[in-house]
Amino acid sequence: MVRVDGSDVDGSLIRVRNLDKTYRRGSEEIHVLQGLNLDVGAGEFVAFMGPSGSGKTTLLNLLGGLDTPSAGSIRVGEDTVTAMSGRRLTGWRARHVGFVFQMYNLIPVLTAFQNVELPLLLTNLSRAERRRHVETALSLMGLSDRMKHYPRQLSGGQEQRVAIARAIVADPTFLLCDEPTGDLDRKSADEILGLISALVSEHGKTVLMVTHDPRAAEWANVILHLEKGALVDSPQGNAGS
Amino acid sequence: MAIPLSYNVRSVVARWTAALVAVLGIAGTVGVFVAMLSMARGFQATLAASGSPRNAIVRRAGAAAELGSVVDLDQVKVIGDALQVARTAEGAPLISGEVVVIAPFPLKSTGTDANVQVRGVSPSVLQVRPQVKIVEGRFFHSGLTELVVGSNAEKIYGGLGLGVPVAFGGQTWKVVGIFDAGGSAFDSELWCDARVLNQTYKRPENIFQSATVRLTSSAAFTDFKDALTSDPRLTVQVDRESAYYAKQSQTVTTLIRVLGFLVALVMGIGAVFGALNTMYSAVAARSREIATLRALGFGSASVVTSFVAESLFIALAGGVLGCLVVLPINGYTTGTMNWQTFSHLAFAFKVTPGLLGAGMAFALLMGLVGGLLPALRAARLPVASALREL
Ligand SMILES: Nc1ncnc2c1ncn2[C@@H]1O[C@H](COP(=O)(O)OP(=O)(O)OP(=O)(O)O)[C@@H](O)[C@H]1O
Ligand SMILES: [Mg+2]
């Protein structure tokens, strides 16, 4: 279940209401998001599309509690994310959000294993349990033989698979992927998208993904478009390619 | 759990050139700091080793050092009669009436003259100060213009070898022996017969500046002091020899320490700026990494801890380097003016574990001060915009 009209429905995991985000650059105000509504049920795979600068990254940052909106509310499950601040938000991110970035954002001086282990350092898991979880996540991404490799020893596609393993290892409520294939060739991109869609179909994960690429968006169950600061089901006019 | 320390250690190692300025700054500061303190410690140890707690030095009341004191032979006899004075098998008191003059001798190192303390002693002095041993040649014969030379004096000043004629005070002396006084101030001195020295300097033969006695035990000191100060025939002050020499070291030791702290403070400020600079650039260069860690759920406190730890790691490296560099000066002998006696005194640098510990603590302090502000900046980075940086 995915809706953008703001009508109250049952069963939404993520509920966004009247979200505004305004950036101020000097005296100029940029209204990036205006009155944005979104409902996403658990287990959905949603793709966000829209031209550069339309606010896709801004929306993901707000959903992930990395930034605060100018107005409006975001609820995830029982938590009102927009009412939290500082420490609580940091703790909430650790428990509920898995991030996947376009540039992978792995820590270059840590091995694949250590990168994936990072989110587990914030849990109470024992060393042995952490090892088990990391190995599971990496083998799910087909990287069992690359655990001791450093990011610079991996291809772009492999780096992104490590990043996905890191995003899922602590079993978050949902994944936020910002152009996860933006820096990859077609073949690696398809591999990554296949893995993400398997997380949804086989492991019941909820994924929200930003992409420029219509072929990448095809992997999602639902494609939404950002236009004039709000989400629409299908682009007005003929914006799509 | 916190951000793993290996993250910081490896990040520093990966960009080690960026940390070099901070490491060298801290190393230099720690090196100078420890060197100065070990100099003070060595000076102090040399003078402390000179005095024995079982010996007492008797001077005229009110005289600050031996040079300004007068004790005549009659007084020496009275002092020697005190019950607390140890005696030889023949019953002679172990007392050494002493006079001190200062004579110039050229330093081997620079060729310039230094003031050397020449001590006229009584023939029984080796029993009064049993830590002093003749290591080469023999002791002087009383009544002759013969010298025994302290082991440091022989090394540091020219023309004091065994058998060599030495001119000072209008007399020609002969070096007949070399003694080892266990690294004490006496090692920088020349010893001869007190009466001969008085004659040479045309002074009354039976006038001394001080008398040093060997006590029956170090516990006997208080009784000895009371006996002498209450004796109407004497107006003397009595000090434990150990306390007398420890006090002598105070001025110079304090001077070196104060100087050491001042120099270390100035250098330390420079080193802290080096550390600040290194850490600010580390934070700037790794802002996307920091934002990623924050996105993963590490709190701002973790980030502060992590970057302070990184700065402490750099400081640790600097501190260890500084200590290693300064370690070889341990035992290196140098000389300085003893401001109490205006004579040259040889002493060895003493790099003790305690001083190395102080150096490491100082290094870590510099790391802490230099790391705190950059760490706070790291924790305050706006996550969303830092993530956009490439
Ligand atoms: N910190 C900021 N201060 C001011 N303006 C900002 C800031 N961050 C983003 N913007 C502006 O907000 C708008 C939306 O940016 P955003 O990054 O969300 O777009 P996007 O849809 O992700 O674009 P792209 O496809 O290029 O990644 C842009 O016009 C951008 O310049
Ligand atoms: Mg973007």
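Proteins get letters first, then strands, A, B, ... in listed order; numbering begins at 1 in each. What you see below is based on every heavy atom in this structure, not just the backbone, and it leaves out hydrogens, waters and symmetry mates.
Interatomic distance, CZ of Arg10(B) versus OG1 of Thr111(A), reported as 6.5 Å (0.5 Å rounding). The structure places OG1 of Thr90(A) at 4.5 Å from CZ of Arg294(B), a figure rounded to the nearest 0.5 Å. Leu122(A) CG to Phe298(B) CZ: the interatomic distance, rounded to the nearest 0.5 Å, is 4.0 Å. If you take CG on Leu387(B) and CG on Asn105(A), they are separated by 6.0 Å, rounding to the nearest 0.5 Å.
Neither the backbone nor the side chain of Arg286(B) comes within less than 4.5 Å of any heavy atom in chain A. Using a 4.5 Å cut-off between heavy atoms, Ala14(B) touches chain A through its side chain atoms alone. If you measure heavy-atom distances from Gln114(A) to chain B, the contacts under 4.5 Å come from the side chain alone.
The heavy-atom pair separating Pro119(A) from Leu296(B) by the smallest distance is CG-CD2, 4.4 Å. Counting all heavy atoms, side chain and backbone alike, Leu121(A) lies closest to Pro4(B) at CD1-CD, 3.5 Å.
At most 12 non-hydrogen atoms from other residues, nucleotides or ligands lie less than 6.0 angstrom from NZ of Lys350(B). Environment of CZ in Arg17(A): crowded, with over 12 heavy atoms of neighbouring residues, nucleotides or ligands closer than 6.0 Å. Heavy atoms of other residues, nucleotides or ligands lying less than 6.0 angstrom from OH of Tyr280(B) number more than 12.
Residues passing the ring pair (Phe, Tyr, Trp, His ring centres under 6.0 Å) test with Phe261(B) are Phe33(B), sequence neighbours excluded.
Within residues 140-168 of chain A, the residues that have a heavy atom under 4.5 Å from a heavy atom of chain B are Tyr150(A), Arg166(A), listed by number. Proximity to chain B among residues 92-103 of chain A is limited to Arg93(A), Ala94(A), Phe99(A), Phe101(A), Met103(A), judged by heavy-atom separations below 4.5 angstrom. Within residues 61-89 of chain A, the residues having any heavy atom less than 4.5 Å from a heavy atom of chain B are, in residue-number order, Asn61(A), Leu66(A), Asp67(A).
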